[in-house]
Amino acid sequence: MQHPPRDRWATRTAFILAAIGSAVGLGNIWRFPHVAFGAGGGAFLIPYFIALLTAGIPLLMLEYGLGHRMQAASPAAMARVSRKFEFSGWWAAAGGLLITFYYTIIMAWVCFYIVELLGSLGGDSLPWQKGQAESYLFSSVITGDENIRHEAGLFSPINWKAIIFNGLVWGFIYFAIRKGVHSVGKVVWVTVLLPYVLLFVLFFTSINLDGASAGMSYYLSPDWSKMDSPGEILKVASAAYGQIFFSLSIGFGIMMAYASFLPKKSDIANNAIITAFANSGTEFFAGFITFSVLGFLALNKGLFVGDVVGESSFALALISYPTAIENIQIGTDGQILFGLAFFGSLLLLGVDSAFSLTEAMVAGIHDKFSVSRKTVTVSLCVLGWLVGIIFCTPTGLVLLDSVDHYLSNYGLLLIGLIPCLAIGWIYGTKRLRTHINRVSEKRITPFWDFCIRYFTPIVLIFLLGYQAFTDLSFLWDEQAKPYSGYSLWVQLVGIGVLVAAFTLALFLTKKKPEKEGYQTIPEFEYEP
Ligand code: PHE
């Protein structure tokens, strides 16, 4: 069977930057510090590192290796392992696409902050200084108008500003992926490298704040009491594995899609290690910024660092940061610039994760059907923008949180499990490892086979069970509540999205391939 020539990354660096861009996102800046803090600070780094070595890197190698060997994004790559698995490849891509639908809304809110900050330059106060950062977030940013909070209904009024900003974000996603790896390979030089410049600015400003050292020592000092019973250890382990999966963007077929555009001779093993360490390094580093800021905030409010952290990671970024910025003694313009560096880095870090998710689906559709890249990309971007409207309403935040909970806890783990089983038990880990070793400089050992066949699937099944147990405990424990105490219909929307991804995947699987050789494993000529 003839396989058409595939697009290729211009350079290895372009690929690595794109992979890092996908991995490094909001999860590194606001999720990691929050999870680490809740799970024992410095002590958390141990289970986190174990999770990185036993699941993060092995799975990343699997995704890179399979995408590269099969020369296809996840649906076709899985179909080439066995027809039975094509569905799981689509499910991954569909789940990823649905994540983008709300991930971009957060980006839209971040745009709102940026525009308002720019508008305050030269003035004498920050946009949120009239009230507090918290009421500003809920009344202005999320609803789009500071006057409507109280009379807000369930779905109206609509936040037009968020819809417009969301349109801009989707416009940028289109721009970034319109020519596949050719355009992605260029855009990532800015979206991946520029945020590091901003992060360094934030780092040097925040570590010099009063109270920063207290915050940092809080971040790093191990709190072993969070791990002193088997139940606690399970909780921390589950947080560690959950963070690694989310943060490395594995399980949604992105890394398979990206790796399928690598040239024949590509160092798969090293690329995976570089991506994984760059990602973890970034979150570890970001922790110093966040905790310095929290230490400063605690000192300012006369509170203990632990008491200013708040319930959700979301509040950490959008309430704690703005509050802290308001108190830094660097003049209003200095504060605005600090705010711009913070929100600017969030925007840039998030947008390349968002377009990688979209690209996984675009590449999947393009592998199977004879539609042009442009048509697929435009359609998905418009669809994403339209679906996003439901999050631009007063209930948007709650819906977004519920959808995120179910997709990133169940979707990610469930969907990530299937490739392990498919490679571990059908295709053969040794067969894929041989491929990886023939193209890579670094050789991976049978320990990898062990992780993929046994260890990672067991951990994933366990995490799923643990999560379900926690979410369902309201059935037998009167004190427990369904996720976040939200009402039934909000929970159903969250769960419904998983079902929607499932249905979309079923539909795409059932359609006949329009391209030749869709299910056949391509020949691979190894260079001597
Ligand atoms: N890894 C991204 C982050 O840390 C989030 C993400 C998850 C992106 C899953 C794609 C897929 O923010």
Side-chain angles (χ1 to χ4, degrees), residues 17-36 48 51-52 55-56 59-60 63 67 73-74 91-107 109-110 169 173 176-177 184 188 191-192 195 199 239-259 272 275-287 290 313-314 316-317 345-364 384 400 403-416 419 497-498 501:
L17 283 179
I20 294 178
S22 172
V24 177
L26 302 179
N28 299 59
I29 304 299
W30 73 32
R31 200 175 185 276
F32 176 80
H34 194 262
V35 173
Y48 173 83
L52 177 68
L59 266 179
L60 201 56
E63 290 212 6
S74 70
W91 198 18
L97 187 69
L98 291 170
I99 288 201
T100 343
F101 290 175
Y102 69 83
Y103 206 83
T104 57
I105 300 291
I106 304 178
M107 311 274 84
W109 292 338
V110 169
V169 174
I173 294 180
I177 62 173
V184 169
V188 288
T191 59
V192 179
L199 287 177
Y241 280 90
Q243 175 61 21
I244 286 290
F245 286 121
F246 184 84
S247 183
L248 272 177
S249 304
I250 36 193
F252 289 112
I254 299 168
M255 298 302 186
M256 270 187 225
Y258 274 0
T275 316
F277 279 97
N279 178 61
S280 291
T282 309
E283 45 197 18
F284 184 59
F285 175 67
T290 301
S313 54
F314 184 76
L316 177 79
S345 62
L346 281 186
L347 183 66
L348 289 165
L349 290 172
V351 83
D352 38 24
S353 302
F355 67 62
S356 70
L357 283 162
T358 319
E359 171 60 24
M361 188 56 147
V362 172
L400 187 149
V403 171
D404 176 55
H405 173 76
Y406 289 102
L407 261 177
S408 61
N409 286 304
Y410 296 95
L412 200 91
L413 303 179
L414 203 61
I415 299 169
V497 169
L498 267 180

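Both ligands and their constituent atoms are indexed starting at 1 by order of listing.
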To check you understand the geometry: which heavy-atom pair defines the closest contact between Ala360 and Phe252, and what is its length? CB-O, 4.0 Å

So which atom in Thr358 and which in Ala354 form the shortest heavy-atom distance, rounded to 0.1 Å? OG1-O, 3.0 Å

Any N/O of Ser356 closer than 3.5 Å to an N/O of ligand 1? no

Below 3.5 angstrom, do we get any N/O pair linking Ala23 and ligand 1? yes

Find out whether Val24 and Val192 are in side-chain contact, i.e. whether some heavy atom of one side chain is under 4.5 Å from a heavy atom of the other. no

Could you tell me if the side chain of Leu349 sits less than 4.5 Å from the side chain of Asn28, heavy atoms only? no

How does Ile254 reach ligand 1, by side chain, by backbone, by both or by neither, if only non-hydrogen atoms under 4.0 Å count? side chain

Shortest protein contact, atom 11 (C) of ligand 1 (heavy atom only): Leu357 CD2, 3.5 Å

Indicate, as side chain, backbone, both or neither, the part of Phe246 found under 4.0 angstrom from ligand 1 when only non-hydrogen atoms are considered. both

Ligand 1 atoms nearer than 4.0 angstrom to some heavy atom of Ser247 are 1 (N), 4 (O)

Identify the closest protein heavy atom to atom 8 (C) of ligand 1: which residue and atom is it, and at what distance? Ser249 OG, 3.4 Å

Any nitrogen or oxygen of Tyr103, side chain or backbone, less than 3.5 Å from one on ligand 1? yes

Distance-only N or O hit between ligand 1 and Val24, under 3.5 Å: no

Any heavy-atom pair between the side chains of Ser22 and Met255 that's under 4.5 Å? yes

Those atoms of ligand 1 less than 4.0 Å from some heavy atom in Asn28: 4 (O)

Phe252: numbered ligand 1 atoms lying under 4.0 Å from its heavy atoms: 9 (C), 11 (C)

With Glu359, which residues qualify under salt bridge (Lys or Arg N to Asp or Glu O under 4.0 Å), at least two apart? Arg373

Parallel, tilted or perpendicular, as decided by the 30° and 60° cut-offs, for the rings of Tyr241 and Phe245: tilted

